[in-house]
Amino acid sequence: MENGEIPENANEHCPGPQSDSAGKSDACEGCPNQQICATAPKGPDPDVVAIAERMATVKHKILVLSGKGGVGKSTFSAQLAFALAAMDFQVGLLDIDICGPSIPKMLGLEGQEIHQSNLGWSPVYVESNLGVMSIGFMLPEPDDAVIWRGPRKNALIKQFLRDVYWGELDFLVVDAPPGTSDEHISIVQCLDAGSIDGAIIVTTPQQVSLIDVRKEVSFCKKVGVQVLGIVENMSGLCQPVMDFKFLRMTEAGEQIDVTEWAREHLKERAPEFLSIIACTEVFDSSRGGAEKMCREMGVPFLGKVPLDPQLCKAAEEGRSCFVDQKCGVSAPALKKVIDKMMENQGLSRMLVDNNA
Ligand SMILES: Nc1ncnc2c1ncn2[C@@H]1O[C@H](COP(=O)(O)OP(=O)(O)OP(=O)(O)O)[C@@H](O)[C@H]1O
């Protein structure tokens, strides 16, 4: 238990041997270290001191959270990092989704490796002002499963925060796994909740996802992290009419692909349809979706981002959705969300200073 490290054989959700509840919390029941933790003298964790020194060059730290998996949290983190970098900020993107790191792929950095210098681990750079760190860069095979218990995850997160040399950063965006588990407790403890600007929570509009968002908001309140706002992702499907596939149902229930016929028909008879974007609701939001929940919980609503096949493609190919006109429906929506967050936090002023 040197340096306040969580021992390998500790229970899941170990609060850490330096914590006030060490040896006394519910998670400590039956742990072989319970007795030592409960009686050992407490002092400042030297790692946390080293992390604070390392993080002194980072102006703003933003966590990206979600209650459920698959709601678009990593996609949002990646595009937020691209957007901030495009505004000429110096940006770091840290992936602490240790068991399912998708950030290397979403930034187009698959197969890259981390290098070490005398200053520490070097992030992998997309551009000179956008560096990325992820366990995904350390796996010998991309298909390797990472099956780690809490203490090991905690140790890696500490190492990421203490040993990565980011240099001067305007923003560090942290992409967390879904839920409120070991990684979340670790990042908040290591960074010190008070030094984190806040958390953006990503959800889809349906109730099953929103229920978990409430837990996420409650986690943030408990640990003292401000909720910067909630983003409703996959909020309806929107795409140009001409990108749809058209099917005709026969009486026997068979589906016949009539896409070619329908497109030609539209071009000839109703060319104005070529510029129409069709939207439909995919997930049930009849109970008001994230916006209503934000009003109830007293947290900011940042906006809606529609399901856009082009955004999915950009994420698959590790591209920014902001550089060309391909993500015509999702990119402006994402930009609005990011602008609103910056505005709410008074960060837009940085942009003015940056461009001065
Ligand atoms: N608005 C969107 N339109 C289209 N596809 C999207 C959108 N948001 C996310 N996706 C796609 O949905 C899939 C899941 O997204 P993503 O991996 O970002 O979710 P996640 O919440 O980070 O999941 P996990 O936490 O399980 O890693 C990805 O293929 C992503 O490209």
Side-chain angles (χ1 to χ4, degrees), residues 62-83 93-110 132 134-136 139 142-143 145-148 153 157 173-184 187 199-206 208-213 215-216 219 230-240 243-244 277-283 285 289-290 302-322 326-338:
I62 297 176
L63 305 185
V64 183
L65 309 174
S66 73
K68 286 225 178 299
V71 298
K73 174 182 34 59
S74 298
T75 307
F76 181 81
S77 304
Q79 297 302 331
L80 172 62
F82 276 130
L93 176 55
L94 174 62
D95 181 8
I96 60 161
D97 192 345
I98 289 166
C99 298
S102 36
I103 287 298
K105 181 167 179 61
M106 289 193 181
L107 274 288
L109 300 172
E110 269 182 307
V132 181
S134 166
I135 191 177
L139 302 175
D143 296 338
V146 180
I147 309 165
W148 287 6
K153 290 181 190 168
I157 290 171
V173 177
V174 181
D175 184 37
T180 51
S181 54
D182 296 308
E183 292 88 331
H184 306 84
I187 194 88
I200 298 176
I201 306 174
V202 182
T203 180
T204 52
Q206 72 271 47
V208 278
S209 179
L210 292 173
I211 290 166
D212 287 354
V213 171
K215 294 181 192 157
E216 218 67 27
F219 168 81
I230 293 180
V231 184
E232 185 177 290
N233 188 31
M234 306 190 183
S235 189
L237 168 70
C238 290
Q239 66 170 357
D243 288 352
F244 275 89
I277 290 173
C279 296
T280 179
E281 203 171 88
V282 178
F283 300 122
S285 61
L302 295 177
K304 300 180 180 190
V305 180
L307 256 174
D308 175 3
Q310 289 299 330
L311 177 58
C312 188
K313 199 156 185 272
E316 289 285 307
E317 293 170 1
R319 287 187 284 112
S320 163
C321 71
F322 303 105
K326 287 184 184 159
C327 300
V329 288
S330 54
L334 274 163
K335 185 72 180 41
K336 246 172 104 176
V337 164
I338 294 165

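Every number for a ligand or one of its atoms is a count from 1 in the order of the listing. Note that the structure is predicted; figures quoted are calculated from it, not measured.
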Could you go through ligand 1 and note, for every N or O atom, any protein N or O atom closer than 3.5 angstrom, writing the atom names and distance to 0.1 Å, or 'none'?
residue: ligand 1; atom: 1 (N); partner: Asn233; partner atom: OD1; Å: 2.9
residue: ligand 1; atom: 1 (N); partner: Pro306; partner atom: O; Å: 3.0
residue: ligand 1; atom: 3 (N); partner: Asp308; partner atom: N; Å: 2.9
residue: ligand 1; atom: 3 (N); partner: Asp308; partner atom: O; Å: 3.4
residue: ligand 1; atom: 8 (N); partner: Asn233; partner atom: ND2; Å: 2.9
residue: ligand 1; atom: 18 (O); partner: Ser74; partner atom: N; Å: 3.3
residue: ligand 1; atom: 18 (O); partner: Thr75; partner atom: N; Å: 2.8
residue: ligand 1; atom: 18 (O); partner: Thr75; partner atom: OG1; Å: 2.5
residue: ligand 1; atom: 19 (O); partner: Gly72; partner atom: N; Å: 3.0
residue: ligand 1; atom: 21 (O); partner: Gly70; partner atom: N; Å: 3.2
residue: ligand 1; atom: 21 (O); partner: Val71; partner atom: N; Å: 3.0
residue: ligand 1; atom: 21 (O); partner: Gly72; partner atom: N; Å: 3.0
residue: ligand 1; atom: 21 (O); partner: Lys73; partner atom: N; Å: 2.9
residue: ligand 1; atom: 22 (O); partner: Lys73; partner atom: N; Å: 3.4
residue: ligand 1; atom: 22 (O); partner: Lys73; partner atom: NZ; Å: 3.3
residue: ligand 1; atom: 22 (O); partner: Ser74; partner atom: N; Å: 2.8
residue: ligand 1; atom: 22 (O); partner: Ser74; partner atom: OG; Å: 3.0
residue: ligand 1; atom: 23 (O); partner: Gly70; partner atom: N; Å: 2.8
residue: ligand 1; atom: 25 (O); partner: Lys73; partner atom: NZ; Å: 3.0
residue: ligand 1; atom: 26 (O); partner: Gly70; partner atom: N; Å: 3.2

**OP:** Could you tell me the separation between the CD1 atom of Ile135 and the SG atom of Cys99, rounded to the nearest 0.5 Å?
**Re:**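 Those atoms lie 8.0 Å apart.
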**OP:** Output all residues satisfying side-chain hydrogen bond (donor to acceptor under 3.5 Å, both in side chains) with Asp97, sequence neighbours left out; order by chain, then residue number.
**Re:**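 With sequence neighbours excluded, Asp97 shows a side-chain hydrogen bond (donor to acceptor under 3.5 Å, both in side chains) to no residue whatsoever.
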Original post:
Who are the side-chain hydrogen bond (donor to acceptor under 3.5 Å, both in side chains) partners of Lys336, not counting sequence neighbours?
Top reply: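 By the side-chain hydrogen bond (donor to acceptor under 3.5 Å, both in side chains) rule, Lys336 matches no residue at all.
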Subject >> Of Ser134, Pro177, Pro101, the residue whose pairing with Ile96 passes side chain to side chain contact (heavy atoms under 4.5 Å, CB included) >> reply: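 Per the side chain to side chain contact (heavy atoms under 4.5 Å, CB included) rule, the option paired with Ile96 is Pro177, out of Ser134, Pro177, Pro101.
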Would you be so kind as to tabulate the donor-acceptor pairs closer than 3.5 Å made by side chains of residues 70-80, with sequence neighbours excluded?
residue: Lys73; atom: NZ; partner: Ala176; partner atom: O; Å: 2.9
residue: Ser74; atom: OG; partner: Ser102; partner atom: OG; Å: 3.3
residue: Ser74; atom: OG; partner: Asp175; partner atom: OD2; Å: 2.8
residue: Ser77; atom: OG; partner: Lys73; partner atom: O; Å: 3.0
residue: Ser77; atom: OG; partner: Asp175; partner atom: OD1; Å: 3.0
residue: Gln79; atom: OE1; partner: Cys321; partner atom: N; Å: 2.8
residue: Gln79; atom: NE2; partner: Arg319; partner atom: O; Å: 3.1

Subject >> For Phe244 against Pro240, the heavy-atom pair lying closest together >> reply: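 So the minimum-distance heavy-atom pair works out to CD1-O, 3.6 Å.
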